[in-house]
Amino acid sequence: MPIATPDVYAQMLDRAKTEVFAYPAINVTSSETLNAALKGFADAGSDGIVQVSTGGADFLSGTRVKNMVLGAQALAEFAHHVAKAYPINIALHTDHCPADKLDTYLRPLLAISKERVLSEGRPPLFQSHMWDGSAVELEENLKIADALLIECHQAEIVLEVEIGVVGGEEDGVVGAIDEKLYTTPADMWRTAEVLGTGERGRYMLAATFGNVHGVYKPGNVKLRPSILRDGQQYVARQLGLPADTKPFDLVFHGGSGSDPAEIREALDYGVVKMNVDTDTQYAFTRPIVDHIFKNYDGVLKVDGEVGVKKQYDPRSYGKAAETGMAARVVRACEDLRSAGRSLTG
């Protein structure tokens, strides 16, 4: 299938919310990790989201060039071609753009999509973009989000915003592990007051409930998914809607290592997207390490020998890495209940 059109992406998000499941959003940093994500989604029979962070985009452009926009654009164009061979729908997303990178990452990519949509009659390059305002005060965060929402709506793009703070580290952005990990119902209502609830343009909301980026053992971080329920209910009451209404399309950040029961509970409260990065990074790297350990004398020219070309050929361990990461993507689809639910049937 081609990369999801704006209409198809809207259908994906609507279905996830109605049927109480979420799409894994898999961070990629190369064509190989993109292929792994696509294989995993296809193997699971799930539509999905592939995303590129600022650091990932920088890496994609090459260590000499180091241009985030160029890297993200190149990956997206590649994805628009290779995704045609897969029987599922894939949306492209940019992850975590902080304030100091808006003018060098998100806004230039938005401009590319506006040109495609408004001047060329083509779909946007990316289907959604994230503005990460977690490091600024809420009112400033929402002021920037308000302006971005207008531009995204013009380009038929879904905006993702974050209120509260995700702990840990993501591409050099560090969040403290403190009370700001827990978004309040008042913060969620203020978001609705400024941005609306879809009538001014669709957006997803990353409301935090104890989330932490990176690696942690179960029990080290106190997730409280009930915060999402309380916030949805509070906003519904303020809008005069039934208590079981879920005004927001919610996003779960920092999901690696989370307890499956906590993940499922979050889905019940309106989470439609969960970021998966740390676990898939490990699933990609582990088979490479295994290959090197088992073929030490082949991948290295030890003691003046010549090694074994087939064993240091990047394809030999790259295929194993792709397969390992794809299997982890399948597991993520199963955990989030998206497996077997592709719009393609």
Chemist: Taking salt bridge (charged side-chain N to carboxylate O under 4.0 Å, His left out) as the cut-off, I'd like each qualifying pair that reaches into residues 293-309, sequence neighbours left out, listed once.
Modeler: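 Qualifying pairs: D290-K294.
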Chemist: Would you tabulate the side-chain donor-acceptor contacts of residues 107-122 under 3.5 Å, counting partners in other chains and residues two or more places apart, or write 'none'?
Modeler:
{"unit_1": "R107", "atom_1": "NH1", "unit_2": "D103", "atom_2": "OD1", "d": "2.6"}
{"unit_1": "S113", "atom_1": "OG", "unit_2": "L125", "atom_2": "N", "d": "2.9"}
{"unit_1": "K114", "atom_1": "NZ", "unit_2": "Q154", "atom_2": "OE1", "d": "3.2"}
{"unit_1": "R116", "atom_1": "NE", "unit_2": "P123", "atom_2": "O", "d": "2.8"}
{"unit_1": "R116", "atom_1": "NH2", "unit_2": "P123", "atom_2": "O", "d": "3.2"}
{"unit_1": "E120", "atom_1": "OE1", "unit_2": "R122", "atom_2": "NH1", "d": "2.9"}

Chemist: Using the test side chain to side chain donor-acceptor pair (under 3.5 Å), find all partners of R315 that sit at least two apart in sequence or belong to another chain.
Modeler: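 Checked R315 against side chain to side chain donor-acceptor pair (under 3.5 Å); matches are D313.
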Chemist: Are K17 and D249 within salt-bridge range, i.e. N to O under 4.0 Å?
Modeler: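 Judged by the 4.0 Å cut-off on N to carboxylate O distance, K17 and D249 do form a salt bridge.
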Chemist: Can you find a pair of side-chain heavy atoms, one from I263 and one from M274, that are under 4.5 Å apart?
Modeler: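 Touching, per the 4.5 Å side-chain cut-off.
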Chemist: Taking all heavy atoms of T197 and all of A192, pick out the closest pair and write down the distance.
Modeler: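 Smallest interatomic distance, heavy atoms only, reads CG2-CB, 3.9 Å.
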Chemist: So among I288, V289, N295, which one has a side chain to side chain contact (heavy atoms under 4.5 Å, CB included) with H291?
Modeler: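 Exactly one candidate clears the test, N295.
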Chemist: Flag this pair as yes if the NZ/CZ of R328 is under 6.0 angstrom from the six-membered ring centre of Y282 and inside a 45 degree cone about the axis; otherwise no.
Modeler: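 Negative - R328 is either too far from the ring of Y282 or too far off its axis.
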Chemist: Would E139 and R190 pass as an ion pair if we require N to O under 4.0 Å?
Modeler: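 Yes, charged N to carboxylate O under 4.0 Å.
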Chemist: Which word best sums up how the rings of F21 and Y23 line up, parallel for under 30°, tilted for 30 to 60°, or perpendicular for over 60°?
Modeler: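 Perpendicular, since the angle between the ring planes exceeds 60°.
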Chemist: Is it true that K319 and E322 make a salt bridge, defined as a side-chain N closer than 4.0 Å to a carboxylate O?
Modeler: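 No, this pair does not count.
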Chemist: Answer yes or no: is there an ion pair linking D268 with R337, defined by an N-O contact shorter than 4.0 Å?
Modeler: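 Salt bridge present between D268 and R337.
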Chemist: So, D146 and R200, do they make that salt bridge, N to O below 4.0 Å?
Modeler: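 Yes, charged N to carboxylate O under 4.0 Å.
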